[in-house]
S.K.: 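Quick one: the structure is below, questions incoming.
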Amino acid sequence: MNTYYNPDDLAKFSTMGEEASALWDAFMAYYGPVMADGALTAREKALIALAISHSEMCPYCIDSYTQTLLSMGVDEEEMTEAIHVAAAMKAGITLVHGVQMKNVVDKLEQ
Amino acid sequence: MDMREKFSELNNIPDFESKIKDPAIAMTAGMNVLQINVGRLCNLACKHCHVEAGPNRTEIMSREVMEACLKLCSNWGFETVDITGGAPEMNPNFRWFVEECCKLCSHVIVRSNMVIMLEDGYKDIPEFYAKNKVELFVSLPHYKAKKTNRQRGDMVFERSIEVLKKLNSIGYGKDPDLVLNMVYNPSGAFFPPDQTTMENEYKEILGREYGIVFNNLFCITNNPMGRFGAFLVSSGNLEGYMKKLYDAFNPATLENMMCRYQVSVAWDGTLYDCDFNQAADMKISNGETVFDIADKPYEPRKICFDKHCYACTAGAGSSCGGTTEA
């Protein structure tokens, strides 16, 4: 194996049910309805999923949700904006934790 | 590019006919639609075009072939005459042919790229269509300029909007007798979205941004033929796309496959089961031409299939009239 990530492995996702079918079935029974139309549309949910795929840096999910969104008629502009939301959140989350740094500095510095 | 040769190399995709359990499904079930491709000449050269139409194509249907089509139409009594191309308007006998078709059939549709109606010699075509109550199927691959222009050429979106406004102004999309349909097709190796969802999106955005109204949007799956087929091969997407089509095979779409209810006439009078078989040069099973059958009664025929037929049976199904799931 040349790399830990292989695109063909995405199709093997369901093998995670082989030794734990009840747990897999429970996961699928949850995952399906979560991603379906509800108070949010399936399209909006897929865009959220794409953003999370990037912030969590999952190549399987990026591949899968990009294809899903293309098939939903979502274009590159919309997908790019969703990823910027994830990126802005990451940046903001990093920066807001600077307050922790400041708290420590304030407590320790004379 | 010989796509059928490429299909034969895809060993992990079973032959399409192996998916048909009922032999009756592999036969035509009636002849509702006479589809006529009046030529491959077109003012555009779209990236996905399955018949590889363009300004340099010389295949144009002659009046003699058109007369045989009219005879066939008269004898078999089709519900719909579906005229396509190329840009069908560029056939020199187009207007005469449409008028003759309208005398024989109450439902004549023309598939138009729209922007031809801005060219000299074609600017009065909207009024011609309205006078003959021709139902229009116009191509607009996306409601965003960038996506449409990437597929169809620079400024095609902007010119299409101009034509749509003109069509609306003479009653298309408003008058019940002047039906204006749009056709969406994906801009690459992926499936079209849900037809109803996309139609609502088109109507909302085209209405809000440009004040355009239309009747229906039809989502068509890209068929791995012609320029789109060549793109799949050159981009390394053929196997993945075919696998995707195969994995999405939906038996509930078989009954309404368009090939079961139509015959497709090519520019030279050759007959095919559909326009995609025409692109693949898969003639009808007995090899007859429009001249051979024009005076004969209809007889059910065995349909010719290959792996590109998975494009018509994936997901909700696809045809020249949109989704087909029973």
Side-chain angles (χ1 to χ4, degrees), chain A residues 2-3 5-18 24 28 31-54 58-85, chain B residues 12 48 140-151 157 182-206 217-222 231-232 235-237 239-248 250 311 314-318 322-323:
Chain A
N2 297 322
T3 170
Y5 285 120
N6 179 346
D8 291 341
D9 286 346
L10 181 56
K12 299 176 189 165
F13 187 21
S14 62
T15 63
M16 287 307 295
E18 286 174 0
W24 175 259
M28 291 306 288
Y31 194 91
V34 164
M35 300 309 289
D37 279 325
L40 296 178
T41 64
R43 190 182 195 276
E44 289 164 337
K45 290 176 177 180
L47 278 165
I48 294 169
L50 181 75
I52 293 169
S53 304
H54 282 76
C58 174
Y60 299 123
C61 307
I62 292 170
D63 185 358
S64 179
Y65 274 101
T66 302
Q67 295 200 43
T68 297
L69 284 159
L70 284 170
S71 297
M72 287 176 157
V74 176
D75 68 9
E76 202 176 343
E77 185 185 7
E78 294 166 292
M79 285 191 256
T80 303
E81 279 193 15
I83 293 165
H84 274 284
V85 172
Chain B
N12 60 339
H48 70 293
L140 192 73
H142 209 273
Y143 51 74
K144 286 190 178 177
K146 187 179 163 188
K147 293 206 80 168
T148 290
N149 291 343
R150 188 168 156 185
Q151 189 174 94
F157 179 81
M182 287 192 193
V183 175
Y184 167 96
N185 64 282
S187 56
F190 47 90
F191 290 165
D194 173 71
Q195 191 164 277
T196 307
T197 307
M198 203 58 174
E199 180 180 293
N200 291 339
E201 222 169 284
Y202 262 63
K203 283 186 170 169
E204 188 200 329
I205 291 168
L206 291 176
L217 177 79
F218 295 105
C219 290
I220 298 184
T221 303
N222 282 333
F231 155 76
L232 291 175
S235 62
N237 277 309
E239 194 173 349
Y241 187 70
M242 294 305 293
K243 182 77 172 37
K244 217 184 282 186
L245 292 178
Y246 171 68
D247 286 344
N250 178 0
S318 182
T323 55

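A note on names: the letters A, B, ... follow the listed sequences, proteins ahead of strands, and every chain is numbered from 1.
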S.K.: Can you establish whether the number of heavy atoms outside B/Arg150 located under 6.0 Å from its atom CZ is more than 12?
M.R.: no
S.K.: Is it the case that over 12 heavy atoms from other parts of the model lie below 6.0 angstrom from the CD atom of B/Glu239?
M.R.: no
S.K.: Quick check for you: to the nearest 0.5 Å, what is the distance between B/Phe190 atom CZ and A/Thr66 atom OG1?
M.R.: 11.0 Å
S.K.: Looking only at heavy atoms, what is the nearest atom pair of B/Pro193 and A/Gly73, with distance?
M.R.: CB-N, 3.7 Å
S.K.: Should the heavy atoms of other residues, nucleotides or ligands under 6.0 Å from CD of A/Glu44 be counted, would the total exceed 12?
M.R.: yes
S.K.: Taking atom CG of B/Asp194 and atom CG of A/Asp37, what is their separation to the nearest 0.5 Å?
M.R.: 9.0 Å
S.K.: Examine whether an atom of B/Tyr202 lies under 4.5 Å from a heavy atom of chain A, and if so say whether it belongs to the side chain, the backbone or both; otherwise answer neither.
M.R.: neither
S.K.: Within the supplied structure, the quantity of interest is the number of heavy atoms (other residues, nucleotides, ligands) at a distance under 6.0 Å from A/Phe13 CZ; does it exceed 12?
M.R.: no
S.K.: So what's closer than 4.5 Å to chain A heavy atoms on B/Pro186: side chain, backbone, both or neither?
M.R.: neither
S.K.: If you count heavy atoms of other groups shown closer than 6.0 angstrom to NZ of B/Lys243, is the number above 12?
M.R.: no
S.K.: Only one of B/Lys144, B/Lys146, B/Lys147 forms a salt bridge (charged side-chain N to carboxylate O under 4.0 Å, His left out) with A/Glu77, so which one is it?
M.R.: B/Lys144
